[in-house]
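Data block below; observations after.
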Amino acid sequence: MKELVRIDDEVITEEDFILHLKLNHQFLPLLESMIKDKVTIHAAKKRKLETTVEEMQKTADDFRLTLGLHRAQDTYEWLERLGISVDQFENFINEQLLKSQMIKAVTPKTAVEEYFKLNSPKFDTVDIYRIVTDSEDKAKEVVALLEESSDSVDEIVEEFSPEDQSQGECKKMNAVGRDQLEDEISAKVFSANVGDVLGPFQMKGKALYEVVLVVDNHPAELSEAVRDQIVKTIYNDWLQKRFEDHSVTLA
């Protein structure tokens, strides 16, 4: 196996490096990412998508600049250190472009807008205060205090926060999505009005109780961030279907 590096008298080979990735649970995620890229690129080639010299040059330039490789010579030296040929680098750039083109082809603007129209509640968010206590009685007291004066939430947080913050942290959380909360809490939070106090809820597997104050709610908008989420969802759904057309076997 090819030698990668020496540490004193120890030689680390490619095989050693792969073993390290496997034992640290990094090998399969990297391999899965590569497989997804290759399946996408195969689809792009099947559609006869092509890249131009200008696109190749711009993508290569952007790639180099992100690594601080401002001169052509810097790039050649970088490739040489990694044992990568110019042809291999150009093929990599070409495949990245094909992947990008294929993703755009399967996630057109109309598809993104239609997905949002049908699934907009998924992208609603709320701002909340999450207050954790170490007893149900304290949680009920928090509820009573907040219902009396929610403007005092900061003082209430300070008074009732558990000493062991590793057990649960009292804090304000902004732009919280439905999937960031437990199902029971999520359903109630997203049905609540601004200013509503919810709970107490017992935290799963813990002798802790939480109270939620709804500070604000934000109905979904088709922002760039939401567009990016939808593109990823549509692309991943498309990928799963594409896998049915391929035989992928781990060695």
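These values consider heavy atoms only, across backbone and side chains, with no hydrogens, waters or symmetry-generated copies. Just so you know, residue 1 is the first one in the sequence shown, and it goes up from there.
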Geometric class of the Phe63/Phe92 ring pair [parallel <30°, tilted 30-60°, perpendicular >60°]: perpendicular
Rounded distance [0.5 Å steps], CD in Gln180 versus CD1 in Ile128: 9.0 Å
Greater than 12 external heavy atoms within 6.0 Å of Gln26's CD: yes
Any Val197 side-chain heavy atom under 4.5 Å of Val212 side chain: no
Check: Ser85 main-chain N/O paired with Gln88 side-chain donor or acceptor under 3.5 Å: yes
Please list every donor-acceptor pair under 3.5 Å in which a side-chain atom of residues 229-244 meets a protein atom from a residue at least two apart or in another chain.
residue : atom : partner : partner atom : Å
Thr233  : OG1  : Gln229  : O            : 3.0
Tyr235  : OH   : Thr40   : OG1          : 2.6
Asn236  : ND2  : Lys232  : O            : 3.1

Rounded distance (nearest 0.5 Å) linking atom CG of Leu49 with atom CD1 of Ile41: 11.5 Å
For Lys122, side chain to side chain contact (heavy atoms under 4.5 Å, CB included) partners two or more places apart: Tyr115, Asn119
Neighbour count >12 (heavy atoms, 6.0 Å) for atom CG, Asp183: no
Pairs flagged by ring-ring contact (aromatic ring centres under 6.0 Å, His included) wherever residues 93-112 is involved - sequence neighbours left out: none
Side chain to side chain donor-acceptor pair (under 3.5 Å) against Glu95, all qualifying residues, sequence neighbours excluded: Lys38
Close side-chain approach of Val211 and Leu146, heavy atoms under 4.5 Å: yes
Ala187: partners by side chain to side chain contact (heavy atoms under 4.5 Å, CB included), with sequence neighbours left out: none
Sequence neighbours excluded - salt bridge (charged side-chain N to carboxylate O under 4.0 Å, His left out) pairs with any residue from residues 51-62: Lys58-Asp62, Asp61-Arg64
Residues which pass side chain to side chain contact (heavy atoms under 4.5 Å, CB included) with Ile7, listed by chain and number, not counting sequence neighbours: Ile12
Electrostatic pair Asp127-Lys172, nearest N-O below 4.0 angstrom: no
ring-ring contact (aromatic ring centres under 6.0 Å, His included) partners of residues 207-232, not counting sequence neighbours, each pair once: none
With Arg227 via side chain to side chain donor-acceptor pair (under 3.5 Å) - residues at least two apart: none
Remaining members of the apolar cluster that contains Leu23, side-chain heavy atoms under 4.5 Å: Leu19
Step-by-step side chain to side chain contact (heavy atoms under 4.5 Å, CB included) determination, Asn217 to Val194: CA-CA 7 Å; Asn217 53 44; Val194 172; 3.7 Å; yes
Within-4.5 Å side-chain heavy-atom neighbours: Val126 and Val215: no
Test side chain to side chain donor-acceptor pair (under 3.5 Å) applied to Gln73 - qualifying residues, sequence neighbours left out: Glu77
Arg178 CZ to Thr125 OG1 distance, which is reported to the nearest 0.5 Å: 10.0 Å
Inter- and intrachain pairs under ring-ring contact (aromatic ring centres under 6.0 Å, His included), touching residues 5-54, at least two apart: His42-His246
